[in-house]
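Please read the structure below before turning to the comments.
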Amino acid sequence: MAQDITADKTREKAAVLARQGVVGLTVAWADNNGITRSRTVPIEQLEAAAERGVGVTTLFAVFDTHDGITFGHAGLSTPSGDVRLVPVVDRIVRLAGQPEFAWAPGRQIAADGSPWPYDQRSALERQVARAAERGLAFRAGYELEFHLSLAEPRGDGGTALALEGPAYGPRALLEVDGFAARLLRDLRDNGVEIGQLHAEYGPAQFELSLAAADPVTAADRQLLARQTIHAAARAHGLRASFSPLVSAAGVGNGWHLHTSVSRDGVNLLSGGDGPHGLTPEGAAYLAGILRDLPAVTAITAPSIPSLHRLRPGYFSSAYAFWGVENREAALRFVPATGLLGAAHANVELKPSDASANPYLALAAVIAAGLAGIADGLTPPAPVQENPGAWTEEEREKEGIRLLPTTPEERQAALVGSETLREALGADLLGAFAAVREADRAWAEGKELDEVLAAHLWRY
Ligand code: GLU
Ligand code: MG
């Protein structure tokens, strides 16, 4: 069984956790809707679970956002079959906010121990390994935006937080003082390093940024951060929504994805002779993501609310272009500066949200970027304005197109990208596409408000 630590160490770990009063290990993974699913095993069974995994249905690959199971994918069209969910033992943490539980990300493998083609974490591991063969490595970090509301309705039936004060103001944070303090403490104790926490633009909207890490660690931590935020909110009578759009008129919750690419420890997005310090390979990385942006977005912003979140004027991106520090750009290039150093340079993907599987999202970005490097692409000139404010003719002249605005356009972009087809593999792509179709059919004919309400508590 592929664990990075020995059976002895696993036994030791289980004993320490049991002595600390931990009774269960929750093994979590994200499905094709970005929804976290889990199994909890008694802590005494950690060693067995680490060795052989626990049984889960093969059909999790074809669960849709509403817990429906679609049989529309030929590879998983019957209710028969079982795979093993294996906790990644060296990632186990005792949950600060739920001290009687430990947590680990899970990998899915086939019942005979062979790779399971629908395992999203493995898809990311494959891209990281491909890159390593070419001498390339990545750093990745998520920014998580979320809305908080009261868990219990007030006397008037409302659940909106009574927040006072301007956007980004400390007054808004003061209203959730206990939650904020607990969250900082629990994230630290769970080993989830963050850059900052703040009240965001929207009423009752907050954001925290996860520190950059290698891609698989970044995705694991994104899942752990979700668990940590939900637990801290619950402890303070609050409820967190990570939904891409909580109300039709309000601002969305972006989970912007920052990445950088390096060779021999040197960030290729800085120190070069190209524009804004880009090296030729760094520029090609950015150009590769830009070339495949509609297909990448099909994976990084895949839900129905995702489509409605992407609007001009909301800093969420709507058009496929890049800019330097341009907050309307789908790809915002953040250059290195004398003060912040080379490691600071990164590419921020704005059309990215909590309905994306974080492993698949990173696999898609890396695959597109690697293809750009392999093809030696050069990006067009950056756009520093908001093309949403231009006329149709101006956009046409600059070659700036909308990101997909319908499930059909998104799907066509995804299957049209050889790079992303390869990155996912035919099985995983087939299941992913079937789930998107199930979500589309579910939403058909429904009012937007009803659709948004059904997504509020899914992530
Ligand atoms: N809330 C915006 C979004 O939907 C992002 C705002 C910001 O730039 O932080 O992505
Ligand atoms: Mg933000």
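The basis for the numbers below is simple: all heavy atoms, side chains too, and nothing from hydrogens, waters or symmetry mates. Counting starts at 1 for both ligands and their atoms, following the listed order.
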Looking at E145, the N, O or S atom sitting nearest the Mg ion (ligand 2) is OE2
Is a salt bridge present between D375 and R291, judged by a nitrogen-to-oxygen distance below 4.0 Å?
yes
Going by the 4.0 angstrom heavy-atom rule, the piece of Y314 near ligand 1 is backbone
When distances are taken from atom 4 (O) of ligand 1, the protein heavy atom at minimum range is R309 NE, 2.9 Å
Tell me, with the steps shown, if N33 and T65 meet side-chain hydrogen bond (donor to acceptor under 3.5 Å, both in side chains). CA-CA 6 Å; N33 315 294; T65 297; 3.3 Å; yes
Report task. Please examine the side chains of W103 and L223, heavy atoms only from C-beta on, and report whether any two atoms are closer than 4.5 Å. Result -> yes
- Message: Between ligand 1 and R327, is the shortest N or O to N or O distance under 3.5 Å?
- Response: no
In this structure, the Mg ion (ligand 2) sits at the vertex of an angle between OE1 of E207 and OE2 of E200 that rounds to 10° as 90°
| said: Can you confirm, on distance only, whether ligand 1 has an N/O atom lying under 3.5 Å from any N/O atom belonging to V251? | reply: no
Numbered in order shown, the ligand 1 atoms found under 4.0 Å of a heavy atom of H256 are 3 (C), 5 (C), 7 (C), 8 (O), 10 (O)
Numbered in order shown, the ligand 1 atoms found under 4.0 Å of a heavy atom of K350 are 7 (C), 8 (O)
- Any heavy atom of E143 sitting closer than 4.0 Å to ligand 1? no
Short side-chain donor-acceptor distance under 3.5 Å, D220 and Y359: yes
| Electrostatic pair K397-E393, nearest N-O below 4.0 angstrom | no
Over 60° means perpendicular and under 30° means parallel, so classify the ring planes of W442 and H66, tilted if in between. parallel
More than 12 heavy atoms of other residues, nucleotides or ligands under 6.0 Å from CD of E325: is that the case?
yes
Q.
Side chain or backbone, does S316 bring an N or O within less than 3.5 Å of an N or O on ligand 1?
A. no
Only residue of R309, K350, R327 satisfying side chain to side chain contact (heavy atoms under 4.5 Å, CB included) with S317 is K350
Among non-hydrogen protein atoms, atom 6 (C) of ligand 1 lies closest to E145 OE2, 3.4 Å
